[in-house]
Amino acid sequence: MGNFVVTFARGFGTGGKVIASKLAADLGIHCYENRILTLASQMSGLDKNVFQEVNEKLRSSGGFSSLMRGLPRSRKYISRNEKFVSDDKLFEYQKQIITNLADTESCVIVGKCADYILRGRDNVVSVYIEAPRDFCIKRTMENMGVTEKVAEATIKQTDKFRADYYEYYTHGNYWTNPVNYDMTLNSEKVGIDNCVAVIKEYLKIKGLI
């Protein structure tokens, strides 16, 4: 059986990152999120030709995964309070890293337009996690230790950033479009652990695990 990838898009506070991490742990594969951005940021400082040489060497030796695992993994909520500003060069490096990961190992990838970058591949399952605003606010208050007002503003700003990011880099598609994904799950109604179970069952149906 070959490699497979599960991509996650998620509203802020829905528990999407937790679901992704739990799924990866259950399947014994790696979960990548902000380490992709960290590595892309480091790579973007290289000359393009040097990056291509590094990319080719890594493809023949197992890909970017070994470099990724050497980077610190964030354990905290990461919100976006700034407006989205495009960085085409940085996105191109992220795209190459995501493609390389998909070519060389089974993994879970959170965000970064991974569903769009890997679209059309039979071995990719794309998931969108959403939940009612009250549920997201409560989780954000608990996880970040903030007031309801701050939690609501954080969710609004971060989701706006994600939507603008997705629309720009997918050339006009919209982030919450259900057609983009294999499935959309309501984490409040389904439950965090049950979301993991549902996705695993779907992977079995697809013959990927």
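These numbers come from the heavy atoms of this one structure, side chains and all, not from hydrogens, waters or symmetry mates.
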Peer 1: With ring-ring contact (aromatic ring centres under 6.0 Å, His included) as the criterion, how do W175 and Y165 come out once you've worked through the C-alpha distance, each side chain's angles and the decisive distance to 0.1 Å?
Peer 2: CA-CA 9 Å; W175 177 50; Y165 181 98; over 10 Å; no
Peer 1: Check whether any side-chain heavy atom of L203 sits under 4.5 Å from a side-chain heavy atom of L27, and report yes or no.
Peer 2: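 L203 reaches L27 side chain to side chain.
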Peer 1: Got a second to check how far Q96's CD is from N100's CG, nearest 0.5 Å?
Peer 2: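 Rounded to the nearest 0.5 Å, the CD-CG separation comes out at 9.0 Å.
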Peer 1: Show your working on side-chain contact (heavy atoms from CB on, under 4.5 Å) between V5 and L101 and close with a plain yes or no.
Peer 2: CA-CA 9 Å; V5 180; L101 289 171; over 6 Å; no
Peer 1: Counting only heavy atoms not in D88, do more than 12 sit closer than 6.0 Å to its CG atom?
Peer 2: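 Atom CG in D88 is crowded, with more than 12 foreign heavy atoms closer than 6.0 Å.
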Peer 1: Which heavy atom of T14 sits nearest to which heavy atom of E130, and what is that distance?
Peer 2: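 Reported closest heavy-atom pair: CG2-OE1, 3.4 Å.
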Peer 1: In Å, rounded to the nearest 0.5 Å, how long is the span from CD1 of I109 to CD1 of I117?
Peer 2: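 Result: 8.0 Å between the selected atoms.
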Peer 1: Decide whether Y181 and L208 are clustered together by the hydrophobic rule: side chain heavy atoms of Ile, Leu, Val, Met, Phe, Trp, Tyr closer than 4.5 Å, transitively.
Peer 2: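 No; tracing contacts between hydrophobic side chains, which count when under 4.5 Å, never links both residues.
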Peer 1: Do K112 and N34 come close enough that some side-chain heavy atom pair is under 4.5 Å?
Peer 2: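 Yes, side chains in contact.
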Peer 1: Determine, step by step, whether E142 and R139 satisfy the salt bridge (Lys or Arg N to Asp or Glu O under 4.0 Å) criterion, reporting the C-alpha distance in whole Å, the side-chain angles of both residues, the deciding distance to 0.1 Å, and the verdict.
Peer 2: CA-CA 5 Å; E142 291 172 352; R139 288 193 80 259; over 6 Å; no
Peer 1: I'd like to know if V198 and V110 are part of one continuous hydrophobic network [Ile/Leu/Val/Met/Phe/Trp/Tyr, side-chain heavy atoms within less than 4.5 Å].
Peer 2: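 Yes; V198 is reachable from V110 via cluster members.
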Peer 1: Under a 4.0 Å N-O cut-off, is there an ion pair linking K149 with E152?
Peer 2: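 Judged by the 4.0 Å cut-off on N to carboxylate O distance, K149 and E152 do not form a salt bridge.
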Peer 1: Please determine whether side-chain hydrogen bond (donor to acceptor under 3.5 Å, both in side chains) holds for the pair Y166 and N177, giving the CA-CA distance in whole Å, both sets of side-chain angles, and the decisive distance to 0.1 Å.
Peer 2: CA-CA 11 Å; Y166 193 91; N177 184 357; over 6 Å; no
Peer 1: For a 4.5 angstrom cut-off between non-hydrogen side-chain atoms, does Y128 reach N180?
Peer 2: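 No - every pair of side-chain heavy atoms lies 4.5 Å or more apart.
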Peer 1: Decide side-chain contact (heavy atoms from CB on, under 4.5 Å) for I97 and R35; before the verdict, give the C-alpha distance in whole Å, the side-chain angles of both, and the deciding distance to 0.1 Å.
Peer 2: CA-CA 10 Å; I97 292 167; R35 286 179 293 176; over 6 Å; no
Peer 1: Would you say the side chain of F4 lies within less than 4.5 Å of the side chain of I29, judging by non-hydrogen atoms?
Peer 2: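 In contact.
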Peer 1: Test your reading of the model: is there a side-chain donor-acceptor pair from N3 to the backbone of D103, 3.5 Å cut-off?
Peer 2: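 Yes; judged by distance alone, with no hydrogens or angles, the pair exists.
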Peer 1: Testing the basics here: between V108 and A20, what is the closest heavy-atom pair and its distance to 0.1 Å?
Peer 2: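 Of all heavy-atom pairs spanning V108 and A20, the closest is CG1-CB, 3.8 Å.
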Peer 1: Looking at A131 and S187, what are the two nearest heavy atoms and their distance?
Peer 2: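 Heavy atoms only, the tightest pair is CB-OG, 3.5 Å.
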Peer 1: Can you tell me how far apart CE (M183) and CD1 (I129) are? Round to the nearest 0.5 Å.
Peer 2: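 Atom-to-atom, M183:CE and I129:CD1 are 8.5 Å apart.
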Peer 1: Indicate yes or no: at least one non-hydrogen side-chain atom of D87 is less than 4.5 angstrom from one of Y93.
Peer 2: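 Heavy-atom side-chain distance check fails, nothing below 4.5 Å.
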Peer 1: Which heavy atom in C31 sits nearest to a heavy atom in A24, and how many Å separate them?
Peer 2: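 Closest pair (atom of C31, atom of A24, distance): CB-CB, 3.7 Å.
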Peer 1: Is there a chain of hydrophobic side chains (I, L, V, M, F, W, Y, each step under 4.5 Å between heavy atoms) that links V18 to F135?
Peer 2: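 Looking at the clustering, F135 is in a separate group from V18.
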Peer 1: Could you tell me the separation between the NZ atom of K17 and the CD atom of E33, rounded to the nearest 0.5 Å?
Peer 2: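 It is 4.0 Å, given to the nearest 0.5 Å.
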Peer 1: Determine whether a donor-acceptor pair (N or O, by modelled atom type, separation under 3.5 Å) exists between the side chain of D182 and the backbone of V125.
Peer 2: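 Absent.
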Peer 1: Let me confirm one number: the CZ-CD distance from F84 to E167, rounded to the nearest 0.5 Å.
Peer 2: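 So the CZ of F84 and the CD of E167 are separated by 9.5 Å.
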Peer 1: Checking side-chain contact (heavy atoms from CB on, under 4.5 Å) between T158 and each of R162, K160, K156, which is the one that passes?
Peer 2: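 Testing T158 for a side-chain contact (heavy atoms from CB on, under 4.5 Å) against R162, K160, K156 leaves exactly one candidate, R162.
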Peer 1: Taking the side chain as every heavy atom from C-beta outward, state whether F8 and L23 have any atom pair closer than 4.5 Å.
Peer 2: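 Result yes, sub-4.5 Å side-chain heavy-atom pair found.
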Peer 1: Is the Y116-Y169 ring centre distance short of 6.0 angstrom?
Peer 2: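 Ring centres of Y169 and Y116 not closer than 6.0 Å.
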Peer 1: Considering only heavy atoms from C-beta outward, does the side chain of N186 approach that of P132 to under 4.5 Å?
Peer 2: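 Counting from C-beta outward, N186 and P132 do come under 4.5 Å.
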Peer 1: Looking at V127, is its backbone amide N or carbonyl O close enough to the side chain of R10 to form a donor-acceptor pair, meaning the two atoms are under 3.5 Å apart?
Peer 2: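 No; zero donor-acceptor contacts below 3.5 Å.
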Peer 1: Can you give me the closest heavy-atom contact between T140 and V146, atom names plus distance?
Peer 2: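 Nearest pair, atom of T140 first, then V146: O-CG2, 4.1 Å.
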Peer 1: Do NZ/NE/NH1/NH2 and the carboxylate oxygens of K22 and D26 come within less than 4.0 Å?
Peer 2: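 Salt bridge flag = no for D26 with K22.
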Peer 1: Whether K138 and E188 form a salt bridge (side-chain N of Lys/Arg under 4.0 Å from carboxylate O of Asp/Glu) is what I want to check.
Peer 2: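 A salt bridge is absent here (no side-chain N lies under 4.0 Å from a carboxylate O).
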Peer 1: Is atom CD of E148 surrounded by more than 12 heavy atoms (other residues, nucleotides or ligands) closer than 6.0 Å?
Peer 2: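 At most 12 heavy atoms, drawn from other residues, nucleotides or ligands, come within 6.0 Å of this atom.
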Peer 1: In Å and rounded to the nearest 0.5 Å, what is the CD1 to CD1 distance from I155 to I137?
Peer 2: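 One gets 5.0 Å once the value is rounded to the nearest 0.5 Å.
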Peer 1: Any side-chain heavy atom of T7 within less than 4.5 Å of one from R119?
Peer 2: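 No. Closest side-chain heavy atoms not under 4.5 Å.
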